[in-house]
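So that the names make sense, note that chain A is the first sequence line, chain B the second, and so on, each numbered from 1. All figures in this text were calculated on a predicted structure; none of them were measured in a lab.
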Amino acid sequence: MANEDVFKNLVAHCKEYGFIFQSSEIYDGLSAVYDYGQNGVELKNNIRKYWWDSMILLNENIVGLDSAIFMHPTTWKASGHVDAFNDPLIDNKDSKKRYRADNLIEEHIEKINAKIKKETDKARKRFGDSFDEQMFRQTNARVTELQQKADILNNRFVKAMNDNDLTELKKIIIDYEISCPVSGTRNWTDVRQFNLMFATDMGSNAEGAMKVYLRPETAQGIFVNYLNVQKTGRMKLPFGIAQTGKAFRNEIVARQFIFRMREFEQMEMQFFVKPGTEAQWFDHWKNTRMKWHKVLGLGDEKYRFHDHDKLAHYANAATDIEYNFPFGFKEVEGIHSRTDFDLSQHQKYSGKKLQYFDPDTNESYVPYVIETSIGLDRMFLQVISAAWQEDTIENEKGASDTRVVFKLPPVLAPVKLAVLPLVKKDGLPEISRKIMDEIKYDFNCQYEEKDSIGRRYRRQDAIGTPFCITVDHQTVSDNTVTIRYRDTMEQERVNIDKLRGIIKEKVDMGSFLKRL
RNA sequence: GCGGGAGUAGCUCAGUUGGUAGAGCAUCAGCCUUCCAAGCUGAGGGUCGCGGAUUCGAGCUCCGUCUCCCGCUCCA
């Protein structure tokens, strides 16, 4: 099956079996927003728990945090989000290329200045030592004209940018006949502004209202609480703060199912270290995080690092962990060495010292930060992409038959165990209910008695239930049931009293974490 | 945002030159009891994404709009 079809089937499967629904579907949906259904929420919670426990339980020097989605607006000035994401953009309809309108105009001004310089240089050559540039510029008609043109343009441009006047920016591009460098045409769309952050008003009356943003990343909630946690937790470097939570980005193009959504969940851990040790910790977390992925057993060959050549303004090293989705290798997690950029920025904008007093050296400094940041929804997509399979099996009559099965790691599966009476009579349902009642405190279990046993197995396969136990007539006499394994479809007969222990060993998070 | 494709039952889809909607699976009730889907009987479920136009009459034609998919574009 082609990858494209696999992905299409996976999306359909997610809806059919209650994993993922489009948001507000009865109102035609909301673009790039999705809801997690009855099975999806269980899987998502389990993935989050795997991440959280691997951070919090396995590392004495990492603690948790749950910071608010709303933050003081200055946060986003300090972080650089306000300035970096307010670009006026314009498209050329012929070349389909998109440009920053301000860049196009600036380039045009540059061109005019270049012409002036060319004229001036020519004159300088001609007049030699007696050349007076100031005089020349004022007296030469051609240069004066160009200079005036540039000044008028520049004034209009600066005013338009200050007023945030998008219509005027478009008008400048038209008036000065600025054309697309690729197509050479002037077939432009309107200038539009894309602010990546969602804004809303905080405060009930219009005058007192303050513009606040829905956070575009959870990291800043950690940075602004750095000192609170360090002081109250008596944390010593190196230490980390972990947080999971929703973030919001008004993406221009949001696509590929839950890969890029406007509302999404991040799982971030910011690790504060002594300056100079960041390279070693960067390597440590790079390896630790890769192992976390591979232990799930989704296929080691499906992962790779992608080191960044071009680094962001705040980073001195950065890599992505990429997973081979049905639509190719894409970023799932980023590991960044963020230097002291964030804490220094917040120190500058807040006027509060965000330093660490090092008792070993008796000096104060702003810690460096190693960030691990993973998209929970992307992780979800990674898990289900790997887990979805259409197996071809042969039945007893020799005919081939297909089986759709979600081979989820048992520790992540939404439902761990299905309890199935072989037939719904002869006291089998009653025994099954009794087993359910004893075991439901430990795992998410489902009871099913409708339809043939084979059909019920298939239904459980489709939602990824790793174990089915079947209560049959032999159960009545010897207190044993069969465990049927999802991946092999093989069965094993065990005593009811041993059930809980056998299943728990295979689905327990604590036991699973020991593999890390 | 541009270009292309699509939207009919929970899912996958059919629906002729326009004549007020069908199948399979799924769901529910009952029968049958059988360890790997597809046994029997019956039932429920759709104003065909939404709005408008043309027409005596629109799932089908036209316009608009929303959503999804693919490619480009963007992506701390």
Side-chain angles (χ1 to χ4, degrees), chain A residues 4-5 7-9 11-18 21-34 37 79-81 83-85 87 89-100 182 187-192 194 196 216-217 219-220 249-257 259-260 308 310-315 318 327 330-331 334 336 338 341-342 371 373 391 393-396 399 401-405 420-426 428 449-462 468-474 481-486 488-491 493:
Chain A
E4 211 172 282
D5 296 328
F7 191 54
K8 209 179 148 203
N9 285 332
V11 173
H13 188 88
C14 280
K15 179 177 184 191
E16 192 170 357
Y17 290 94
F21 308 123
Q22 196 185 0
S23 164
S24 320
E25 198 187 2
I26 62 167
Y27 292 107
D28 292 335
L30 189 61
S31 184
V33 185
Y34 290 90
S79 69
H81 285 81
D83 293 332
F85 295 109
D87 305 331
L89 300 177
I90 189 167
D91 291 349
N92 183 274
K93 290 179 187 170
D94 297 316
S95 66
K96 317 278 185 222
K97 295 287 175 190
R98 168 169 294 165
Y99 302 93
R100 277 176 56 172
V182 174
N187 188 10
W188 296 106
T189 63
D190 283 340
V191 177
R192 294 170 311 269
F194 294 99
L196 213 62
E217 64 176 26
Q220 300 306 324
R249 291 184 197 181
N250 202 357
E251 300 283 357
I252 300 165
V253 175
R255 245 179 233 170
Q256 274 156 334
F257 198 36
F259 185 79
R260 178 164 293 146
H308 292 205
K310 275 204 304 187
L311 293 170
H313 55 281
Y314 55 71
F327 42 85
K330 297 277 180 182
E331 178 189 353
H336 302 137
R338 296 181 73 125
F341 175 82
D342 302 278
E371 167 187 85
S373 174
D391 285 356
I393 51 177
E394 288 213 345
N395 62 21
E396 283 172 5
D401 180 19
T402 58
R403 175 176 84 122
V404 174
V405 53
L420 316 170
L422 186 62
V423 294
K424 51 180 170 186
K425 61 173 192 180
D426 304 332
L428 304 189
E449 62 178 28
K450 179 140 172 57
D451 295 318
S452 74
I453 190 70
R455 193 193 289 263
R456 279 177 278 166
Y457 286 149
R458 294 299 171 88
R459 270 206 292 264
Q460 294 299 330
D461 288 341
C468 291
I469 66 162
T470 305
V471 175
D472 57 18
H473 293 95
Q474 191 181 330
V481 294
T482 59
I483 300 185
R484 179 259 194 191
Y485 299 99
R486 177 195 65 198
T488 60
M489 297 170 71
E490 279 163 8
Q491 285 178 287
R493 187 162 278 277

Who pairs with A/Lys15 by salt bridge (Lys or Arg N to Asp or Glu O under 4.0 Å), at least two apart in sequence or on another chain?
A/Glu25
Counting only Watson-Crick or G-U wobble pairs whose two distances fall under 3.5 Å, which nucleotide matches B/rC72?
B/rG1
Quantified in whole Å, what is the P atom distance between nucleotide B/rG3 and nucleotide B/rU65?
12 Å
Pairwise 5' ranking along RNA chain B for A/Gly454 and A/Lys424, keeping only the more 5' one
A/Lys424
Considering just the side-chain nitrogens and oxygens of A/Arg459, establish if one lies under 4.0 Å of OP1 or OP2 belonging to B/rU27.
yes
Touch check for A/Ser452, heavy atoms < 4.0 angstrom, all strands: base, sugar-phosphate only, or nothing?
sugar-phosphate
A/His473 side chain vs A/Asp426 backbone, donor-acceptor pair below 3.5 Å
no
Within-4.5 Å side-chain heavy-atom neighbours: A/Arg403 and A/Arg458
yes
Report yes or no: does A/Asp472 contribute a side-chain atom to a donor-acceptor pair with the main-chain N or O of A/Gln474 at less than 3.5 Å?
yes
Rounding to an integer number of Å, can you tell me how far A/Tyr457 OH sits from B/rU34 P?
14 Å
In whole Å, measure the gap between the P atoms of B/rU67 and B/rG49 for me.
16 Å
Provide, to the nearest angstrom, the distance between the NZ atom belonging to A/Lys450 and the P atom belonging to B/rA29.
6 Å
Opposite nucleotide pairing with B/rG22, Watson-Crick or G-U, both atom distances under 3.5 Å
B/rC13
Supply the atom-to-atom distance A/Glu371 CD to A/Asp342 CG, rounded to the nearest 0.5 angstrom.
7.5 Å
Contact list (N/O, under 3.5 angstrom) for nucleotides 40-42 of chain B vs protein:
none

Report which part of the nucleic acid A/Asp472 touches: base, sugar-phosphate, or nothing (heavy-atom distance under 4.0 Å, all strands).
base
Write down the protein N/O and nucleotide N/O pairs, taken from nucleotides 44-46 of chain B, whose separation is under 3.5 Å; answer none if there are no such pairs.
none

Between the base of B/rC75 and the side chain of A/Arg260, is there any donor-acceptor pair under 3.5 Å?
yes
Taking the side chain of A/Arg484 as its heavy atoms from C-beta onward, which of B/rC36, B/rU33, B/rG10 lies nearest to it?
B/rC36
Whether the side chain of A/Arg484 engages the backbone of A/Gln491 through a donor-acceptor N/O pair (distance < 3.5 Å, no angle test) should be reported.
no
Looking at the side chain of A/Gln491, which of B/rU27, B/rU33, B/rC35 is the nearest nucleotide?
B/rC35
Could you tell me whether A/Arg456 and A/Asp461 have a side-chain N and a carboxylate O separated by less than 4.0 Å?
no
Roughly how far apart, to the nearest Å, are B/rA21 and B/rA9 at atom P?
15 Å
Which nucleotide, if any, forms a Watson-Crick or G-U wobble pair with B/rC48, using both distances under 3.5 Å?
none
To the nearest 0.5 angstrom, please state how far the CG atom of A/Leu422 sits from the OG1 atom of A/Thr482.
8.5 Å
Answer with base, sugar-phosphate or nothing: what part of the nucleic acid does A/Ile453 contact at a heavy-atom distance below 4.0 Å?
sugar-phosphate
Please measure how far the C1' atom in B/rA58 lies from the corresponding atom in B/rG52, and state the result in whole Å.
13 Å
With the side chain of A/Tyr34 defined as its heavy atoms from C-beta on, choose the nearest nucleotide among B/rC68, B/rC36, B/rU33.
B/rC68
If I take atom CG in residue A/Leu428 and atom C1' in nucleotide B/rC32, what distance separates them, rounded to the nearest angstrom?
16 Å
Touch check for A/Lys15, heavy atoms < 4.0 angstrom, all strands: base, sugar-phosphate only, or nothing?
sugar-phosphate
Pairwise P distance, B/rG64 and B/rC69 [rounded to whole Å]
23 Å
Please state the C1' separation for the pair B/rC35 and B/rG30 - nearest whole angstrom.
24 Å
Here the gap from A/Met489 atom CE to A/Cys468 atom SG, rounded to the nearest 0.5 Å, amounts to 10.5 Å
From CG of A/Asn9 across to P of B/rC69 the rounded distance in Å is 15 Å
Using purine N1 to pyrimidine N3 plus N6-O4 or O6-N4 for Watson-Crick, or N1-O2 and O6-N3 for G-U wobble, both under 3.5 Å, which nucleotide pairs with B/rU41?
B/rA29
From A/Leu420 CG over to A/Thr470 OG1, what is the distance, rounded to the nearest 0.5 angstrom?
5.0 Å
What is the distance, to the nearest angstrom, from the CZ atom on A/Arg458 to the P atom on B/rA37?
5 Å
Using the P atom on both, measure B/rA6 against B/rC62 and round to a whole Å.
12 Å
From A/Glu331 atom CD to A/Arg260 atom CZ, the distance as rounded to the nearest 0.5 Å:
9.0 Å
Mind calculating the distance between CZ (A/Phe21) and C1' (B/rC68) to the nearest angstrom?
17 Å
Across all strands shown, which nucleotide pairs with B/rG7 by Watson-Crick or G-U wobble geometry, both distances under 3.5 Å?
B/rC66
In whole angstrom, what separates A/Glu449's CD from B/rC31's C1'?
15 Å
Please classify the nucleic acid contact of A/Gln22 as base, sugar-phosphate, or nothing, using heavy-atom distances under 4.0 Å.
sugar-phosphate
Point-to-point distance, once rounded to the nearest 0.5 Å, from OG of A/Ser452 to OH of A/Tyr457:
10.0 Å
A/Met489 CE - B/rC36 P separation (whole Å):
9 Å
When the C1' atoms of B/rU47 and B/rG59 are considered, how many whole Å apart are they?
11 Å
